[in-house]
**Student:** 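Before I ask anything, let me first share the structure, which is written out below as structure tokens.
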Amino acid sequence: MISFLRGTVAHVGLSTAVIDLNGAGMSVQATPQTLSKLRTGEEGKLFTSLIVREDSLTLFGFANDDEREVFDVLLSVSGVGPRLALAVLAVHDPEAIRVAAHTGDSKTFTKVPGIGPKVAGRIVLELAGKLVPHGRATPAGAPAVSAEELWKPQVVAAMTSLGWSEKDATGSIDKALADAPELAGEGNVAEILRTTLRWLGQDGARAGNRVGSRG
């Protein structure tokens, strides 16, 4: 694994830079913010992530290790490739991404070109627990954040991305967990979502039976 590159900056383009490593030019793709810090002819350092495909080896570069870590975690989301992950970092800094993932703020991700509500909902769902904001300490005297305040927005965001309104999603979650309060305490976003979707399916079946019985 190539963790970083340090060498003379041979070229800086719109989306790539070339770092001269003792006569060998290494091409690296990076965000405009990262590229703006490089100067041709001067020494530069980029933290890197190597993406291996059947027909290519592509290096992606970052200004610091935190950017690279967030990039690698974004790649764990189904449907998010390296170019889309880099686009997220081009719009938001790592801490903003951590906060959005931690609080279930899918709207933050829809600000990235190429990411619609459905993909944004999938991102906050699959990143639940994987990205934690740095320095997110509760100020002295501030009320503590409940577990529900952390997981519920993420489940609601996932359901709205699937077509439910925010009001219907919130009501369904409350009803689905009425018989499973332990899930609310554990705060497992994926399990709560599955439980709510199962409840909706069963409730729909019950509603259909009631309609049929009246006929």
**Student:** Short question: side chain of H92, backbone of F109 - any donor-acceptor pair under 3.5 Å?
**Tutor:**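 Absent.
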**Student:** Below 3.5 Å, can you tabulate the donor-acceptor pairs from side chains in residues 15-33 to any protein atom, sequence neighbours excluded?
**Tutor:**
unit_1, atom_1, unit_2, atom_2, d
D20, OD1, G23, N, 2.7
Q29, OE1, R83, NH1, 2.7
T31, OG1, T34, N, 3.2
T31, OG1, T34, OG1, 3.1
Q33, NE2, A90, O, 2.6

**Student:** For the NZ atom of K118 and the CD1 atom of I123, what is their distance to the nearest 0.5 Å?
**Tutor:**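 It is 14.0 Å, given to the nearest 0.5 Å.
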**Student:** At their closest point, which heavy atom of S106 faces which heavy atom of G121, and how far apart are they?
**Tutor:**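 That would be CB-N, 4.2 Å.
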**Student:** Distance from I173 atom CD1 to T195 atom OG1, nearest 0.5 Å?
**Tutor:**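 The CD1 atom of I173 sits 11.0 Å away from the OG1 atom of T195.
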**Student:** Taking everything shown except K45 itself, do over 12 heavy atoms lie less than 6.0 Å from its NZ?
**Tutor:**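 Above 12, so yes.
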**Student:** Show the nearest heavy-atom pair for residues T196 and A176, with the distance to one decimal.
**Tutor:**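 Scanning both residues completely, I find the closest heavy atoms to be CA-CB, 3.7 Å.
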**Student:** Using the rule that Ile, Leu, Val, Met, Phe, Trp and Tyr join whenever any side-chain heavy atoms are under 4.5 Å apart, tell me whether V52 and F4 fall into a single cluster.
**Tutor:**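 No, because V52 and F4 fall into different hydrophobic clusters, even though each may have its own neighbours under 4.5 Å.
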**Student:** Check for a donor-acceptor pair, side chain of E69 on one end and backbone N or O of D65 on the other, with a separation under 3.5 Å.
**Tutor:**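 It does not hold such a pair.
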**Student:** Any ion pair linking R6 and E42 (charged N to carboxylate O, less than 4.0 Å)?
**Tutor:**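 A salt bridge is absent here (no side-chain N lies under 4.0 Å from a carboxylate O).
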**Student:** Do P82 and F71 have side-chain heavy atoms sitting under 4.5 Å apart?
**Tutor:**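 They are in contact (side-chain heavy atoms under 4.5 Å apart), so the answer is yes.
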**Student:** Side-chain heavy atoms under 4.5 angstrom apart, residues restricted to Ile, Leu, Val, Met, Phe, Trp, Tyr: same cluster for V156 and V124?
**Tutor:**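 In one cluster: no.
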**Student:** Without swapping roles, check the side chain of R68 against the backbone of T48 for a donor-acceptor pair under 3.5 Å.
**Tutor:**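 Yes, the answer is positive, given that a donor and an acceptor are paired below the 3.5 Å cut-off.
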**Student:** Calculate, to the nearest 0.5 Å, the distance between atoms CG and OG belonging to L125 and S78 respectively.
**Tutor:**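 Atom-to-atom, L125:CG and S78:OG are 9.0 Å apart.
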**Student:** Give me the atom names and distance for the closest heavy-atom approach of L127 to S76.
**Tutor:**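 The pair with the smallest heavy-atom distance is CD2-OG, 4.3 Å.
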**Student:** Kindly indicate whether the side chain of I51, heavy atoms from C-beta on, has any atom under 4.5 Å from the side chain of F60.
**Tutor:**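 Yes, close enough: below the 4.5 Å cut-off.
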**Student:** Is it possible for you to say whether L86 and L35 belong to one hydrophobic cluster, with membership spreading through side-chain heavy-atom contacts below 4.5 Å?
**Tutor:**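 Different hydrophobic clusters.
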**Student:** Grouping I, L, V, M, F, W and Y whenever their side-chain heavy atoms are under 4.5 Å apart, do M159 and V119 come out in a common cluster?
**Tutor:**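 M159 and V119: separate clusters.
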**Student:** Of the non-hydrogen atoms in G79 and R122, which two are nearest, and what is the gap between them?
**Tutor:**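 Taking G79 first and R122 second, the nearest heavy atoms are CA-NH1, 4.1 Å.
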**Student:** Measure the CG-CG distance between D72 and L75 for me, rounded to the nearest 0.5 Å.
**Tutor:**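 So the CG of D72 and the CG of L75 are separated by 6.0 Å.
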**Student:** For D168, what residues pass the salt bridge (charged side-chain N to carboxylate O under 4.0 Å, His left out) criterion, not counting sequence neighbours?
**Tutor:**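 Per chain and number, D168 pairs via salt bridge (charged side-chain N to carboxylate O under 4.0 Å, His left out) with no residue.
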**Student:** Side chains of S49 and F62: does their closest heavy-atom pair fall under 4.5 Å?
**Tutor:**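 Yes, side chains in contact.
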**Student:** Run the side chain to side chain contact (heavy atoms under 4.5 Å, CB included) check on I97 and L131 step by step: do they pass?
**Tutor:** CA-CA 8 Å; I97 297 170; L131 288 177; 4.1 Å; yes
**Student:** Please determine whether the number of non-hydrogen atoms from other residues, nucleotides or ligands lying under 6.0 Å from atom CD of E166 exceeds 12.
**Tutor:**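 Not more than 12 within 6.0 Å, no.
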**Student:** So do T160 and S165 actually touch side chain to side chain, heavy atoms under 4.5 Å?
**Tutor:**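 Side-chain contact under 4.5 Å: no.
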**Student:** Hey, quick one: are V91 and V99 part of the same hydrophobic cluster, counting side-chain heavy atoms closer than 4.5 Å, chains of contacts allowed?
**Tutor:**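 V91 does not cluster with V99.
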**Student:** Which is it for K175 and W199 under the side chain to side chain contact (heavy atoms under 4.5 Å, CB included) test, yes or no, and what are the steps along the way?
**Tutor:** CA-CA 8 Å; K175 293 174 182 177; W199 181 88; 3.6 Å; yes
**Student:** Closest heavy-atom contact between A120 and I115?
**Tutor:**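 That would be N-CG2, 3.8 Å.
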**Student:** Would you compute the distance between atom NZ of K37 and atom CG of L46 and round it to the nearest 0.5 angstrom?
**Tutor:**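 Rounded to the nearest 0.5 Å, the NZ-CG separation comes to 10.0 Å.
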**Student:** Is the backbone N or O of K130 less than 3.5 Å from a side-chain atom of R98, with the two atoms forming a donor-acceptor pair by type?
**Tutor:**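 Judged by distance alone, no pair lies under 3.5 Å.
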**Student:** Report the distance from atom CD of E126 to atom CG of L74, rounding to the nearest 0.5 Å.
**Tutor:**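 If we round to the nearest 0.5 Å, E126:CD and L74:CG are 11.0 Å apart.
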